[in-house]
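Structure first, then comments.
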Amino acid sequence: MTFDASETTFQDPDTDPHANDAAPYGGGDPYADYREAGDLPFTELVDLADRRLGAGVIAANDEFFAERENLLIRERAVFDPEHFGHKGKIMDGWETRRRRGADAATPFPAPGDHDWAIVRLGAPGIVRGLIVDTAHFRGNYPQRVSVQATSVEGAPSPEQLLADDVKWEEILPPTPVRGHAANAFEITGGRRYTHLRLCQHPDGGIARLRVHGEIVPDPAWLAALGTIDLISVLNGGTYEDASDRFYSSPTQIILPGTSRKMDDGWENRRRRVRDTNDWVRFRLPAQGAVRAIEIDTAYLKGNSAGWIALQGRNGDTGEWFEIVPRTRLQPDTLHRFVLRAQAVVTHVRLDAFPDGGVARMRLHGTLTESGAAELTRRFEESGA
């Protein structure tokens, strides 16, 4: 099931093929007439197609004008009206050549003709929403897009994914999109996928793809690892809520790897109300026993949190208890805390006093016996 998340409904291209076009670029700010997706609940979920998680566009049937890899660039698409190459206008996205019919009598492509690109998700998970962004593709965007999904474990090649024995499930049927717009679609269902196939009908260009959802890790893999980061998005950790998301998403605190620059963590605005503080709450993939903690303020120098405290609770209605007392932080520094006794939790809350940024947080430990059983149940129910 899908829906148009914008205020303007899609027009049927069969009725008016140009109804969803954007006006030609008129100079000035290239985003001045861009059609935003709006405030969508699913965009708070992690992007399963984030390159920082290991996602990639591994194949496409055509990328004549612009490369498929551009689909997963984190930054907004850029537009330079004077930038041309040997093949034509250079666009920041994935753009295919114009499809043609079989002969002069049938110059238009057949109804079923389409272009496709295969995306390997950075972490297998349940897709809850898609953003198909056609920024700067004003008259050369596809009339419709569709998305199929499959679950193939390991590291399959494009040839293996395209084999006849691989079952692809359509999670977004061919649906009209608008040019120079963030086209948003909610996806229902609870299956766990590893790869998507983005199709444009019959051809055209797409600037960016975002695949928001919930990571469902393989419990057998986590068990083999032993001690893991219980809050990492790759292991199923989830950001739930925060006091402030002004500069960046708190989800970045639990991304893999180290921060690369100041905006690659969580930074809030300057707090002006005394006796208050900023905070962010996370949910572990299942009940876990935390033994050691890392709090990193990398690249946050004049704007790192002054002090932090960490609380935990066991269960949705459990009482909050102290894990790390209020502690002074240093800017641009990795801080490590070894707990005297393990903390058994399902949720944690990180408080920053009075405000400021945190780049990364790690909760090192293991799933409890009941936590491992719960994660196994979810894994099996998702059809993996």
Side-chain angles (χ1 to χ4, degrees), residues 1-6 10 13 20 37 40-43 45-51 53 55-63 66 68-73 77 93-96 99 111-135 137 141-152 156 158 161-163 166-179 181-216 382-384:
M1 178 180 179
T2 67
F3 75 101
D4 171 23
S6 69
F10 295 118
N20 295 317
L40 305 168
F42 67 72
T43 58
L45 300 174
V46 65
D47 180 4
L48 302 176
D50 192 330
R51 283 287 297 169
L53 303 183
V57 188
I58 62 174
N61 73 309
D62 189 295
E63 45 188 331
R68 63 183 190 258
E69 289 87 356
N70 292 332
L71 284 169
L72 304 189
I73 292 175
W94 168 49
E95 185 180 8
T96 64
R99 280 183 168 266
D113 287 354
H114 67 275
D115 292 317
W116 54 263
I118 295 178
V119 176
R120 180 191 64 240
L121 299 180
I126 299 170
V127 179
R128 299 299 187 190
L130 300 168
I131 302 289
V132 180
D133 190 346
T134 58
F137 290 96
Y141 61 97
Q143 283 196 311
R144 291 178 173 85
V145 298
S146 65
V147 177
Q148 300 151 15
T150 190
S151 183
V152 179
L161 291 167
L162 294 170
V166 174
K167 181 181 179 182
W168 290 85
E169 178 182 352
E170 190 172 73
I171 61 173
L172 177 68
T175 304
V177 293
R178 293 169 300 149
N183 300 280
F185 307 95
E186 184 180 44
I187 306 299
T188 58
R191 289 187 58 82
R192 176 182 181 269
Y193 299 114
T194 61
H195 296 77
L196 300 185
R197 182 160 57 191
L198 172 64
C199 303
Q200 40 183 343
H201 306 262
D203 53 36
I206 297 169
R208 300 288 188 265
L209 174 69
R210 304 289 182 251
V211 184
H212 296 282
E214 302 164 6
I215 292 174
V216 182
S382 66

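When a residue number appears, it is its place in the shown sequence, counting from 1.
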Would you sort out whether Leu209 and Val132 count as a side chain to side chain contact (heavy atoms under 4.5 Å, CB included), showing the intermediate values? CA-CA 5 Å; Leu209 174 69; Val132 180; 4.1 Å; yes

Side chains of Val145 and Leu130: closer than 4.5 Å at any heavy-atom pair? no

May I ask you to test the Val57-Trp94 pair for a side-chain heavy-atom distance under 4.5 Å? no

Carefully, step by step, assess Thr134 and Arg178 under the rule side chain to side chain contact (heavy atoms under 4.5 Å, CB included). CA-CA 7 Å; Thr134 58; Arg178 293 169 300 149; 5.6 Å; no

If you apply the rule side chain to side chain contact (heavy atoms under 4.5 Å, CB included), what do you find for Tyr193 with Leu48, and how did you get there? CA-CA 10 Å; Tyr193 299 114; Leu48 302 176; over 6 Å; no

Hey, could you give me the [atom1]/[atom2] distance between [X] and [Y], rounded to the nearest 0.5 Å?
X: His114; Y: Gln143; atom1: NE2; atom2: CD; value: 15.0 Å
X: Arg68; Y: Asp62; atom1: CZ; atom2: CG; value: 11.5 Å
X: Asp47; Y: Leu121; atom1: CG; atom2: CG; value: 9.0 Å
X: Asn61; Y: Asp115; atom1: CG; atom2: CG; value: 4.5 Å
X: His201; Y: Arg144; atom1: NE2; atom2: CZ; value: 9.0 Å
X: Thr150; Y: Arg191; atom1: OG1; atom2: CZ; value: 8.5 Å

Return the minimal non-hydrogen interatomic distance between [X] and [Y], and the atom names on each side.
X: Thr194; Y: Ser151; result: OG1-CA, 3.4 Å
X: Ile131; Y: Ala184; result: CD1-CB, 3.6 Å
X: Ile126; Y: Ser382; result: CD1-CB, 4.5 Å

Main chain of [Y], side chain of [X]: is a donor-acceptor contact present, judged purely on distance under 3.5 Å?
X: Asp113; Y: Pro202; value: no
X: Arg192; Y: Val127; value: no
X: Trp116; Y: Ala59; value: no

Let's go through Ile73 and Arg208 carefully: what are the C-alpha distance in whole Å and the side-chain angles of both, what is the deciding distance for side chain to side chain contact (heavy atoms under 4.5 Å, CB included) to 0.1 Å, and is it a yes or a no? CA-CA 7 Å; Ile73 292 175; Arg208 300 288 188 265; 3.6 Å; yes

